[in-house]
Amino acid sequence: MAGGIGLGVRIASLDLKNPLIVASGVLGVSVGLMKRAEEAGAAAVTTKTTTLKERTGHPNPVIYELEYGLLNSMGLPNPGASEMGTVVRRAKEVLRVPVIASIGAAAPDEAVKIAEHLLAADAIELNASCPHAKGYGIEIMSDPGLVAEIVSALKSLPLPVFVKLSAHGDLRLVASKAIEAGADVLVAINTLKGMAINVWARRPVLGGVYGGLSGPAIHPVAVRAVYELYEEFPGFPIIGVGGVESWEEAVEFMLAGASAVGVASALRRGFEVIGSIVSGIREYLANEGFASVREMVGLAHRV
Amino acid sequence: MAGGIGLGVRIASLDLKNPLIVASGVLGVSVGLMKRAEEAGAAAVTTKTTTLKERTGHPNPVIYELEYGLLNSMGLPNPGASEMGTVVRRAKEVLRVPVIASIGAAAPDEAVKIAEHLLAADAIELNASCPHAKGYGIEIMSDPGLVAEIVSALKSLPLPVFVKLSAHGDLRLVASKAIEAGADVLVAINTLKGMAINVWARRPVLGGVYGGLSGPAIHPVAVRAVYELYEEFPGFPIIGVGGVESWEEAVEFMLAGASAVGVASALRRGFEVIGSIVSGIREYLANEGFASVREMVGLAHRV
Amino acid sequence: MYLLARVERVSKLCENVNEYLLRLDRKLGSKPGQFVMVWMPRVGEIPISVAWEKDSLLKLIIARKGVVTSYIHNNIREGCRFFLRGPLGKGFEITQGEALIVAGGYGAAPMLYLASMLREAGSRVTVALGFRENRNVMLVEEFEKLADRVFVATEDGSVGFKGQLTELVSSILSSSRYDIVYTCGREQMMERVVRMAMNAGIEVQASLERLIKCGIGICGSCTLEPQGLRVCWDGPVFNGYKLIQVDDFGKWWRDASGKRVPLPT
Amino acid sequence: MYLLARVERVSKLCENVNEYLLRLDRKLGSKPGQFVMVWMPRVGEIPISVAWEKDSLLKLIIARKGVVTSYIHNNIREGCRFFLRGPLGKGFEITQGEALIVAGGYGAAPMLYLASMLREAGSRVTVALGFRENRNVMLVEEFEKLADRVFVATEDGSVGFKGQLTELVSSILSSSRYDIVYTCGREQMMERVVRMAMNAGIEVQASLERLIKCGIGICGSCTLEPQGLRVCWDGPVFNGYKLIQVDDFGKWWRDASGKRVPLPT
Ligand SMILES: Cc1cc2nc3c(=O)[nH]c(=O)nc-3n(C[C@H](O)[C@H](O)[C@H](O)COP(=O)(O)OP(=O)(O)OC[C@H]3O[C@@H](n4cnc5c(N)ncnc54)[C@H](O)[C@@H]3O)c2cc1C
Ligand SMILES: Cc1cc2nc3c(=O)[nH]c(=O)nc-3n(C[C@H](O)[C@H](O)[C@H](O)COP(=O)(O)OP(=O)(O)OC[C@H]3O[C@@H](n4cnc5c(N)ncnc54)[C@H](O)[C@@H]3O)c2cc1C
Ligand SMILES: Cc1cc2nc3c(=O)[nH]c(=O)nc-3n(C[C@H](O)[C@H](O)[C@H](O)COP(=O)(O)O)c2cc1C
Ligand SMILES: Cc1cc2nc3c(=O)[nH]c(=O)nc-3n(C[C@H](O)[C@H](O)[C@H](O)COP(=O)(O)O)c2cc1C
Ligand code: FES
Ligand code: FES
């Protein structure tokens, strides 16, 4: 019975066999990990955010595990756009699912330069929201005009442009500017800016002092962001990210208005979580009498 | 040995016997609950946020319990400033600890009108941050100039003014405007805007749709906020609020730069948590060789 | 984190009161006197006492009153879903011995569960039920199966004793010795029962109602002054010696804004 | 969520290698081959293998290399604190029978713990240790207490066999039958040992090093291509049959940016 249910979704020009995407960061720059994610059932993979030049990221500790999530201050380590181009081309050779190339840039021309290395990818995702790397991310999101300029510059290239938003700053304003500038997909949300102090060391734990909070802790904030975006831009494609640990959070995102769902922190428990989320969605759809995953997108808004 | 340790702190003109304050909201408008909080060891209590006219708040459900916190959409129910004045006067008769009166207002004259009813209190706390009541809170925080105007109007009254900030919006900008306008104490943070959808009901759970996320989930964001504020305004009195469930989070806040700590959601486990936090702080100070709680404020910033 | 329940059976107990037999997706684990919050999506959420529980079966007895209860009466049939959170609050404490249960109207709901627990604990149970008229009378047979003696009072005398429940209770108390009195129903009635029992030197426990919002003791909506007792958390069941010190008992209620207003009659 | 540990004793094992005996605030519960992340506030955080554990006592063996290890050697004395998280990764799998342990330099650290576990499991244990010069030799007596036979190779011949550890291993393997080989040390050495064992049809497990950042499999810093094996999570111990399919084994490392660069020699 569940076999007949349509799990496929189309986001911009990307055909996804199910709504589950591996979000940026957790697969690093490893083609091998991307392949494992695909084998585990992911419908698309996102690269680590690439900057133009290579970055080594923040010193260790870069991660702090909480009971209800993670704090990370990776600091956008990446080998730079040229090397990432090689990784993406290699990934496209060995993967059948779409590869989304995440980029971080502080100016339109820089963004285009980066993206030009990544034309083998199926989409460009502008990370407008990384909260712990100076000059990137949250700082560009606090300037909605700049986000719009970058998006419109990227639209000169032949790839769909995803814009990944932060829950800090004015979500709706940035989203509307991005959409006006031609963005094809909104991705919400990135991590929340947080930190932890060890009381015995009397010091911030993370090498970068500040870090990004992810996992279950941010899920209610992420659902709210997706719900608000859907309300403001009904029908516009949204990828919900933040605290998906089981099919239930994934379904919550879709009811809130996401067409697809990204997963990052949950992979710390192993890749098997991907399969269990996808089959959980399938079972839910069957139990609730849906014929396709698309039918449930945005349903929580119905009065 | 622990007996000799100074737990007292002074915040603006308030003498606190220890750093633990009950934050706004969870004691409702009940003098009886305020008294219970005092008996459990709290050094000060904060009233529910009062508006000028009475408000009934949002319809039920107003609360959703998560494993790692709470979502609430109370919607600022309160009996209005005049009735709250009666409550505060009664509270001052039966309590020995300071009473902080929280107010919500969208304009300077309105704020002053409210506060004039509450002059029996020891301080006025401007709730510049409640994320789920239209026209109050987060909306005023998104207008730093307005916050400044309200603060400076409130300074015409003979009470210290606390400003309670949200982690949404530009924390540092609002704080600096508030300080310029004469604010005596910063309180950080209020709840984060979030929501939950029940997948079987396919509906937002909360009657108000959106709610405020509190508890352990927001603690890393709150610590970050306090740390940033202390870095920007060293020595300025800060009350850290968000996810304090044990002495450890309280100490974390103080190391980050808070002179005192507020507790709300943790009270869902009973008032005893107040005593256990205070005695945990005392033990920590003893173990670590501090003579006074004030010595640890901001220590995590030392290079 | 709502518990999901399916309606197995709806039974009409009397005019305007239905009983809902629910199958839960897991055991609730309640004690008599505890309650659940019942959420009807798009409609509202209200407190309802556990009327009975066993394994994953749960009974709720719901009187038609306003928005949510009318919605339930009008729309909820066999097979429909209930969303529940709980069990919430502190229930009755089982005191062994000679027990008197005094219940008015739908206040009888939690008392069935209590009566069965008292019997299990080896107590002898006398029940006094009060209703306005014939068409409000309910659960008498059920109580007769469980209790040693059942008395009924109706204001119009159509069933049992004619008059106020409190008059009936007064005569019961004067004719026999009891170790404990349990009561649930209109607060003005309970106030009188509590005073009668206290005067007679008998332990008494009463289950109160207030406006329940959070249900977990964190919003202050349901507090009693001057002790700051929260009906949803410290109660809904309180001991008589606590209640007689409560100014609000039998007198004050809090409206949705938190303001103390006279208890609705 | 760091574990707090106190240094009970610091012992110098040889030039530039110290052993730290730590008392933890709770049991770690590791298996041989697993590691911990050691955080030195204000300095850094690095991966260190568990050298031994019992109840709440833990031994770490730390070679002076760069920033963090030098800080530890220079500053950490009895009574100082260690901040740890772990145990991380997958350790060695205990195969009963005739076991050969091959360890180079501080690669000997996790092998002491392994040897004692193998003995507990009833295996016979032969140990081959390799060091550059006399002043690098360490732990020989400790292994002699635990193992059935201990061989030592030094490149300068100052102790034991003169020459490469791999030469010693080659002769050990040809003179006796083994069921399993365990190895830890420089990767180029391990690569040769793995091939020797595989060629001889013997199961082999090797413990690898890569740049560990998160330590919990979530950042990709330590991955091996083309399989996407994470040293911190899928390893650090891998089976020979997996390793010989890894392009990076013995050849490629990832730098802090994630770029694949030649393995440092
Ligand atoms: C602990 C407790 C246990 C209860 N057990 C039962 C029971 O087993 N069976 C039963 O039929 N009724 C029970 N009630 C009463 C029941 O909760 C109300 O009848 C119900 O909430 C009315 O809701 P409504 O939407 O139909 O009415 P509305 O139209 O919303 O309001 C009508 C009146 O109902 C009461 N009410 C409404 N909402 C609440 C609320 N959230 N909390 C308390 N009172 C409210 C108020 O007096 C209000 O004026 C209990 C109440 C409490 C506090
Ligand atoms: C699983 C594992 C177990 C280990 N067990 C031990 C052990 O028991 N005893 C021991 O002495 N050493 C062990 N090491 C090696 C140890 O982690 C490095 O020597 C140490 O990290 C050097 O840190 P440093 O700050 O002193 O050097 P740095 O000056 O920071 O760097 C010098 C070199 O050390 C290595 N290194 C630095 N940081 C890391 C890191 N985070 N992860 C991996 N390598 C790094 C790199 O090769 C680097 O080029 C182990 C490594 C791994 C991966
Ligand atoms: C270790 C780690 C690294 C991340 N790196 C990136 C990144 O490079 N670019 C990006 O846009 N998001 C990055 N993220 C954010 C995730 O893509 C995701 O938005 C966030 O973690 C919330 O989802 P989750 O709760 O499923 O983890 C990273 C997250 C983690 C945990
Ligand atoms: C039920 C509830 C009601 C609240 N009401 C108010 C309020 O009226 N005014 C206000 O400034 N903060 C209010 N808050 C926010 C708290 O004061 C506090 O800032 C927040 O909950 C974070 O702290 P916590 O994690 O300790 O709960 C409320 C919080 C809760 C849980
Ligand atoms: S209903 Fe919120 S405290 Fe009782
Ligand atoms: S160090 Fe992060 S995945 Fe291994």
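These numbers were taken from a predicted model, which means no experiment stands behind them.
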With side chain to side chain contact (heavy atoms under 4.5 Å, CB included) as the criterion, how do A:Thr56 and D:Asp255 come out once you've worked through the C-alpha distance, each side chain's angles and the decisive distance to 0.1 Å?
CA-CA 8 Å; A:Thr56 53; D:Asp255 68 14; over 6 Å; no
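- Per-residue counts of heavy-atom pairs under 4.5 Å with chain A were compared for D:Cys219, D:Gly44, D:Gly215; the largest is that of D:Cys219.
- For D:Gln188, the CD atom counts as densely surrounded, since its 6.0 Å shell holds more than 12 non-hydrogen atoms of other residues, nucleotides or ligands.
- Within the 4.5 angstrom heavy-atom criterion, atoms from both the backbone and the side chain of D:Leu229 approach chain A.
- When all heavy atoms of A:Asn60 and D:Glu45 are compared, the pair lying nearest together is ND2-O, 3.0 Å.
- Heavy atoms of D:Gln227 lying under 4.5 Å from chain A belong exclusively to its backbone.
- Counted within 6.0 Å of NZ on D:Lys27, heavy atoms from surrounding residues, nucleotides or ligands total more than 12; the atom is thus considered enclosed.
- Other residues, nucleotides and ligands place more than 12 heavy atoms under 6.0 Å from the CZ atom of D:Arg6.
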Check against side chain to side chain contact (heavy atoms under 4.5 Å, CB included), A:Arg36 and D:Thr223:
CA-CA 12 Å; A:Arg36 284 178 76 176; D:Thr223 21; over 6 Å; no
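- Counting heavy-atom pairs closer than 4.5 Å to chain D, the top-ranked of the candidates A:Gly80, A:Pro77, A:Ser30, A:Gly25 is A:Ser30.
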Pair D:Tyr2-A:Val205, side chain to side chain contact (heavy atoms under 4.5 Å, CB included): steps then yes or no
CA-CA 10 Å; D:Tyr2 280 96; A:Val205 172; 3.4 Å; yes
Can A:Arg55 and D:Ser257 be said to form a side chain to side chain contact (heavy atoms under 4.5 Å, CB included), step by step?
CA-CA 5 Å; A:Arg55 290 169 56 97; D:Ser257 81; 6.0 Å; no
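- When all heavy atoms of A:Ala201 and D:Trp39 are compared, the pair lying nearest together is CB-CH2, 3.7 Å.
- Looking at A:Glu83, the atoms closer than 4.5 Å to chain D (heavy atoms on both sides) all sit in the side chain, from C-beta outward.
- Here the shortest heavy-atom pairing between D:Arg230 and A:Phe271 reads NH2-CE1, 3.6 Å.
- Proximity to chain D is absent for every atom of A:Pro59, based on heavy atoms less than 4.5 angstrom apart.
- Using a 4.5 Å cut-off between heavy atoms, D:Ile216 contacts chain A through both its backbone and its side chain.
- Heavy-atom neighbours of chain A within the stretch residues 242-254 of chain D, taken at a separation under 4.5 angstrom, comprise D:Arg254.
- For A:Lys113, the NZ atom sits in a loose shell: 12 or fewer heavy atoms of surrounding residues, nucleotides or ligands are nearer than 6.0 Å.
- Interatomic distance, A:Leu66 CG to D:Met1 CE, rounded to the nearest 0.5 Å: 5.5 Å.
- The distance from the CG atom of A:Leu33 to the CD atom of D:Glu225 is 7.0 Å, given to the nearest 0.5 Å.
- Distance alone, capped at 3.5 Å, places no donor-acceptor pair between the D:Arg42 side chain and the A:Arg203 backbone.
- Note that CE of A:Met74 is 6.5 Å distant from OG of D:Ser221, once rounded to the nearest 0.5 Å.
- Of the atoms belonging to A:Ala264, it is backbone heavy atoms, and not side-chain ones, that fall under 4.5 Å from chain D.
- With respect to the salt-bridge test (charged N to carboxylate O, under 4.0 angstrom), the residues A:Glu54 and D:Lys259 qualify.
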